[in-house]
**Student:** 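Pasting a structure below so you can have a look.
Lettering follows sequence order; numbering is per chain, from 1.
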Number of protein chains: 2
Amino acid sequence: MISKKTKYALKALIYLSREFDKGPILIADLAREERIPKKFLELILLALKNAGVLQSKKGKGGGYSLARPPREISMGKVIRTLEGPLAPVPCVSESAYARCEECDDEWSCGIRLVMKDVRDAMAQILDSASLADVLERIEQEKQKKDGALFYTI
Amino acid sequence: MISKKTKYALKALIYLSREFDKGPILIADLAREERIPKKFLELILLALKNAGVLQSKKGKGGGYSLARPPREISMGKVIRTLEGPLAPVPCVSESAYARCEECDDEWSCGIRLVMKDVRDAMAQILDSASLADVLERIEQEKQKKDGALFYTI
DNA sequence: TGTTTAGCCTATCGATTTTGTAGTCTAATT
DNA sequence: AATTAGACTACAAAATCGATAGGCTAAACA
């Protein structure tokens, strides 16, 4: 399960994607609109900024905005930033490989072999899903729902 | 990342798969062979027994053994038992659906749409990987390694 | 220039989860 | 009845998570 922190991050980024061309958004506004504790959101946005996902402007008229267009920011990048590596075990992580302490023979570890498949499948999905894709899928779903409504009334 | 608990469980089950036809194995032996804290392993094996994965025998000559052949026990089952649902968010779990508190409109939640794909991909891999499959893949890897060794010497 | 605005940064805190340990109880075997 | 070995409960240290507090710094603007 992903943490609340990561969910907050994704919600904030989807919001910022919608407002992409409208200049910086205040943390306070984001927090209120998405019902995220303001001080907690501050930390999250800061982490995303340090990861190159967001940019910020200080002082009056300041706030946060995406550092790149929604099409160029992937769910994978966001989740890795806040949750750490996608891999279920460190020995199959591409972005942050580490040995498993308890493993003496990594090359014949059955857990590793299966978890590598899991990691690859997750990475394939999450690295190819951009914020723009997410917005599009939301719209598609809304239209599906409206269509269904039209026919069932 | 999966917990140590789950890794211990998988290591123990792979061990028990190898010894499947040799009668019950002592917790103490399992703990020593796989270097798992004995008392901790007790809890893990008990949970797996309650989930129907293992069976136990008390008293002298007792111990633990698989409740079903290795071919019929999936990684998915084991991980769900010790780690909980595979789904990254509760609202896409098949085995333990729950609403996300912070979500007001589940049907147009973009996070949910992508996470559903992730869950399905993970479930596809983990539910179709049996302990027998894992043993086979370990053997395959060992042979690959030996083959490579043969040619590079 | 100095005041206000708004993000930056560090510390801290309570609750929960993780990883384990201890000790007693119960069932089965000899 | 004595021994063996799993079953069950309780507990505790350490790590992680979710959240808050408060001062600092940079930018805008009057």
Side-chain angles (χ1 to χ4, degrees), chain A residues 1-12 16 23-32 34-67 79 81-85 88-90 98 100-102, chain B residues 1-12 16 23-67 79 81-85 88-90 100-102:
Chain A
M1 294 276 180
I2 63 177
S3 61
K4 271 192 169 185
K5 201 167 178 174
T6 301
K7 282 193 217 175
Y8 288 158
L10 291 170
K11 292 183 84 169
L16 289 174
I25 307 287
L26 293 184
I27 294 181
D29 291 348
L30 250 173
R32 184 174 12 84
E34 297 293 338
R35 300 198 311 285
I36 302 171
K38 190 190 158 197
K39 276 298 198 175
F40 196 32
L41 182 58
E42 253 183 51
L43 300 180
I44 294 167
L45 298 181
L46 188 56
L48 288 166
K49 185 198 165 191
N50 291 333
V53 172
L54 292 177
Q55 62 190 11
S56 66
K57 225 187 132 194
K58 283 188 171 184
K60 193 163 190 176
Y64 272 100
S65 52
L66 299 184
I79 293 177
T81 299
L82 288 141
E83 201 82 358
V89 285
C100 291
E101 323 148 26
E102 58 272 334
Chain B
M1 295 274 179
I2 63 177
S3 62
K4 273 192 169 186
K5 202 168 178 173
T6 301
K7 281 194 216 174
Y8 288 158
L10 291 170
K11 293 184 82 169
L16 289 174
I25 307 286
L26 294 182
I27 295 181
D29 290 349
L30 250 174
R32 186 175 10 85
E33 291 298 313
E34 297 293 339
R35 300 198 311 285
I36 302 171
K38 190 190 158 198
K39 276 298 199 176
F40 196 33
L41 181 57
E42 254 183 51
L43 302 180
I44 295 166
L45 297 181
L46 188 57
L48 287 167
K49 185 196 164 191
N50 292 333
V53 173
L54 292 178
Q55 60 189 11
S56 65
K57 225 187 131 192
K58 282 189 171 185
K60 194 165 188 180
Y64 271 99
S65 53
L66 300 185
I79 292 176
T81 300
L82 288 141
E83 202 82 358
V89 285
C100 291
E101 324 147 26
E102 58 272 334

**Student:** Want to settle it: does L41(A) or L46(B) sit nearer the 5' end of DNA chain D, counting the closest nucleotide to each?
**Tutor:** L46(B)
**Student:** What nitrogen or oxygen pairs link the protein and nucleotides 16-19 of chain D at under 3.5 Å?
**Tutor:**
| unit_1 | atom_1 | unit_2 | atom_2 | d |
| --- | --- | --- | --- | --- |
| dG18(D) | OP1 | K4(A) | N | 3.2 |
| dA19(D) | OP2 | Y8(A) | OH | 3.2 |

**Student:** Atom CG of N50(A) to atom P of dC9(C): distance rounded to whole Å?
**Tutor:**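 So the CG-P distance, N50(A) to dC9(C), works out to 7 Å.
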**Student:** Name all pairs fulfilling the salt bridge (Lys or Arg N to Asp or Glu O under 4.0 Å) condition that reach into residues 44-56 of chain B, sequence neighbours left out, sorted by first residue then second.
**Tutor:** none
**Student:** Do I25(A) and L16(A) touch side chain to side chain, with heavy atoms closer than 4.5 Å?
**Tutor:**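 Yes, side chains in contact.
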**Student:** Under 3.5 Å, side chain of K11(B) to main-chain N/O of E102(A), donor-acceptor pair present?
**Tutor:**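 A pair under 3.5 Å: yes.
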**Student:** Please check the phosphate of dG7(C) (OP1 and OP2 only) for any side-chain N or O of K49(A) closer than 4.0 Å.
**Tutor:**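 For K49(A), the contact criterion (side-chain N or O under 4.0 Å from OP1 or OP2 of dG7(C)) is not met.
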**Student:** What is the distance, rounded to the nearest whole Å, between atom CG of L30(A) and atom C1' of dA6(C)?
**Tutor:**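 These atoms are roughly 14 Å apart.
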**Student:** Supply the atom-to-atom distance T81(B) OG1 to L54(B) CG, rounded to the nearest 0.5 angstrom.
**Tutor:**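 Interatomic distance, T81(B) OG1 to L54(B) CG, rounded to 0.5 Å: 9.5 Å.
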**Student:** For the pair made of CG in L26(B) and P in dA7(D), what is the distance, rounded to whole Å?
**Tutor:** 12 Å
**Student:** Y64(A) versus L46(A): any side-chain heavy-atom pair under 4.5 Å?
**Tutor:**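 Yes, close enough: below the 4.5 Å cut-off.
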**Student:** Need one value for I27(B): base, sugar-phosphate or nothing, where a base atom within 4.0 Å counts as base even if backbone is also close, heavy atoms only.
**Tutor:** sugar-phosphate
**Student:** Using a 4.0 Å heavy-atom cut-off, write out nucleotides 24-30 of chain C from 5' to 3' as B (base contacted by protein), S (sugar-phosphate only) or - (no contact).
**Tutor:** --BSBS-
**Student:** Specify the separation, in whole Å, of atom CG of L48(B) and atom P of dA7(D).
**Tutor:** 12 Å
**Student:** Ignoring backbone atoms, test whether S56(A) places a side-chain nitrogen or oxygen under 4.0 Å from the OP1 or OP2 oxygen of dC8(C).
**Tutor:**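 The answer is yes; a side-chain N or O of S56(A) sits under 4.0 Å from OP1 or OP2.
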**Student:** Counting C-beta onward and ignoring hydrogens, is there a side-chain heavy-atom pair between L82(A) and I44(A) closer than 4.5 Å?
**Tutor:**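 They are in side-chain contact.
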**Student:** Rounding to a whole Å, what distance do you find between R35(B):CZ and dG20(C):P?
**Tutor:** 13 Å
**Student:** Given salt bridge (charged side-chain N to carboxylate O under 4.0 Å, His left out), test K4(A) with E101(B) step by step and report yes or no.
**Tutor:** CA-CA 10 Å; K4(A) 271 192 169 185; E101(B) 324 147 26; 3.7 Å; yes
**Student:** Side chains of R32(B) and D29(B), heavy atoms from C-beta outward: is any pair under 4.5 Å?
**Tutor:** yes
**Student:** Can you tell me how far C1' of dT19(C) sits from CD of E42(B), to the nearest Å?
**Tutor:** 15 Å
**Student:** Can you check the Y64(B) OH to dT4(D) C1' distance for me, whole Å?
**Tutor:** 15 Å
**Student:** Given atom NZ of K38(B) and atom P of dG23(C), what is their separation to the nearest angstrom?
**Tutor:**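 In whole Å, dG23(C) P lies 13 Å from K38(B) NZ.
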**Student:** If we ignore hydrogens and angles and just use 3.5 Å, is the side chain of E83(B) paired with the main-chain N or O of S3(B) as donor and acceptor?
**Tutor:** yes
